[in-house]
Protein chains: 2
Amino acid sequence: MDLLAVRDGATETRSDPVAVEEPLEIRAEGPAQTAVSIAVTMRTPGHDAELALGFLFGEGLLRSADDLRRPAIRELAVEGSANNTVTVRLAAAFDAKRFERHFYMTSSCGICGKASLEHLQAIAPPRIVEREGGPRLSRSLIVRLPATLRAAQSAFDRTGGLHATGVFDRDGRLLVVREDVGRHNALDKAIGHMLLQRQVPLADRVLMLSGRVSFELVQKAAMAGAPILCAVSAPSSLAVQAADRLGMTVVGFVRGETFNVYTHPERIDVGA
Amino acid sequence: MDLLAVRDGATETRSDPVAVEEPLEIRAEGPAQTAVSIAVTMRTPGHDAELALGFLFGEGLLRSADDLRRPAIRELAVEGSANNTVTVRLAAAFDAKRFERHFYMTSSCGICGKASLEHLQAIAPPRIVEREGGPRLSRSLIVRLPATLRAAQSAFDRTGGLHATGVFDRDGRLLVVREDVGRHNALDKAIGHMLLQRQVPLADRVLMLSGRVSFELVQKAAMAGAPILCAVSAPSSLAVQAADRLGMTVVGFVRGETFNVYTHPERIDVGA
């Protein structure tokens with residue numbers, strides 16, 4: 001992207017990369033159904049199939065890769081336009097009407113907190129993190145997560161405009177990193193990837209986010225069964241309340257040698 | 001919020017403020033209509049009426065304070081719950097059915113970029129920034145904006161979790177600052193405030209954002225007629241494309257003595 005860089009009194013015309021943001025329509029299709037448009041999201045192109053799978057998983061429309069037909073994904077790029085579509089082909093029919101309402105309730109537009117927590121527990125009891133389950137992490141492992149995530153990001157340093165989600169194992173090994181202009185999309189992509197790898201629920205995994213932690217991100221992580229959510233920045237009040245209730249450990253402000261544990265510190269070994 | 005702070009090997013239990021995130025339902029009501037639920041947004045409580053007004057303005061449901069009945073706002077807080085509602089009372093009836101579809105198209109869930117730009121121009125021609133209109137800003141004024149914004153933020157330094165939008169005049173004086181966990185909400189609140197002050201369109205104003213610039217934020221700023229949008233972080237590709245087309249100057253990475261001008265540099269005087 002051409003821009004005018006102003007450095008003190010000097011100016012320079014140059015071309016810097018910027019984070020790409022384009023709309024993607026996510027559709028779902030049962031065996032004898034026509035495809036139903038579930039959401040249009042502004043995302044950074046790449047790993048679109050994972051994004052669609054992760055999004056639909058978070059909405060409760062599929063539980064595992066077994067819920068997919070083959071081929072599971074139909075991608076459609078309209079020549080000369082930015083209108084791309086991913087259709088997820090489900091093995092079983094679904095109630096499109098019920099889902100439209102559901103989408104409205106749990107989209108990133110916002111959500112009624114308490115009602116939604118109950119709704120989440122109602123539709124996804126097996127995914128909810130069990131209290132005191134999951135790995136136990138040492139302090140020294142946690143403080144290394146941000147640098148590992150940053151090193152693995154393909155675009156962050158070049159555009160400065162992408163959020164990242166990393167999935168780590170209990171020994172701090174990075175399993176996958178996904179990036180997007182939208183932090184919820186980065187998490188959806190990572191979950192979609194793990195879903196295709198048949199590694200969901202993420203009962204023994206650690207999620208690391210590059211930004212802040214909203215209620216919606218805790219909700220998505222809980223749907224995927226992640227017991228520990230770490231982030232470079234702060235959680236919101238409702239994110240903390242939800243994590244506390246769902247049995248999830250939330251660690252924020254992981255910077256340098258320091259971090260804050262907001263919920264369920266029993267999974268953190270601060271002495272090691 | 002009680003947390004366990006881990007600093008090197010030492011730990012400390014303490015209570016830090018976190019950014020409050022709670023759902024708000026925004027409703028609109030014509031003279032002989034029952035209130036229609038337009039959106040539920042996760043927001044930081046405070047300036048809820050401004051948020052609702054700014055949001056509905058961005059959706060094209062009102063053009064000025066003249067489009068409101070008196071009293072213009074009815075706020076309802078449900079005792080003992082986080083379910084708050086703001087109803088905006090409009091002077092004229094509106095087509096609730098048409099609006100539901102519109103909401104779906106332009107919500108923060110995402111949007112079809114090209115179609116939406118055309119839609120935006122179709123519904124809001126008077127607000128679109130005229131090419132080469134608006135103030136001309138000096139370099140020295142721009143580099144002072146972030147510090148002024150930060151100094152005015154009431155909660156940022158305490159929670160580290162809030163986005164801010166500031167509205168400045170052409171001389172760099174801050175007219176209003178609004179904060180929220182959602183950056184789109186911070187902008188909606190600021191626009192809602194200016195609307196109540198009868199200062200929309202923002203033809204002679206400068207918007208300064210604490211974070212990144214998405215397409216959606218450019219869209220909201222354009223609806224309010226803002227000619228210059230400055231931000232601490234990066235714009236997305238679609239934000240730049242939209243601003244270029246709409247005639248808006250986008251300045252990103254305003255940090256220290258440096259910044260990047262992505263679109264319409266004719267409004268920036270780099271020598272002064």
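Proteins come first, then strands; the chains are lettered A, B, ... in the order of their sequence lines, and each starts at number 1. Side chains included, hydrogens not; waters and symmetry mates left out as well; all remaining heavy atoms used. Bear in mind that the values here come from a model prediction, so they are computed numbers and not experimental data.
- When heavy atoms are compared at a cutoff of 4.5 Å, A:Thr263 does not approach chain B at all.
- The side-chain contact (heavy atoms from CB on, under 4.5 Å) test applied to B:Glu257 returns A:Asp8, B:Arg139, B:Val143, not counting sequence neighbours.
- Chosen from A:Ile268, A:Val18, A:Asn260, the residue pairing most often with chain B at heavy-atom distances under 4.5 Å is A:Asn260.
- For the atom pair B:Glu216 CD and A:Glu21 CD, the distance stands at 9.0 Å (nearest 0.5 Å).
- Ranked by heavy-atom pairs under 4.5 Å with chain B, the first of A:Pro17, A:Ala10, A:Pro265, A:Ser214 is A:Ser214.
- Residues A:Val181 and B:Arg212 fail the side-chain proximity criterion, which asks for heavy atoms closer than 4.5 Å.
- Residue contact with chain A, scored on non-hydrogen atoms closer than 4.5 Å, involves the side chain of B:Thr11 exclusively.
- Judged purely by atom type and a 3.5 angstrom limit, A:Ser236 has no side-chain atom pairing as donor or acceptor with the backbone of B:Ala19.
- Considering only heavy atoms from C-beta on, A:Leu4 comes within 4.5 Å of B:Val270 through its side chain.
- Nearest approach of B:Leu238 to A:Pro23, heavy atoms of both residues: CD2-CD, 4.4 Å.
- Applying the side-chain hydrogen bond (donor to acceptor under 3.5 Å, both in side chains) criterion to A:Ser140, with sequence neighbours excluded, gives A:Ser138.
- Proximity to chain A is absent for every atom of B:Thr13, based on heavy atoms less than 4.5 angstrom apart.
- Within the 4.5 angstrom heavy-atom criterion, only side-chain atoms of B:Asp16, from C-beta onward, approach chain A.
- Both the backbone and the side chain of A:Val6 come within contact range of chain B, with heavy atoms under 4.5 Å apart.
- The minimum heavy-atom distance between B:Ala234 and A:Gly161, with the atom names listed, is CB-CA, 4.2 Å.
- Here the closest non-hydrogen pair linking A:Phe259 and B:Arg7 is O-NH1, 3.3 Å.
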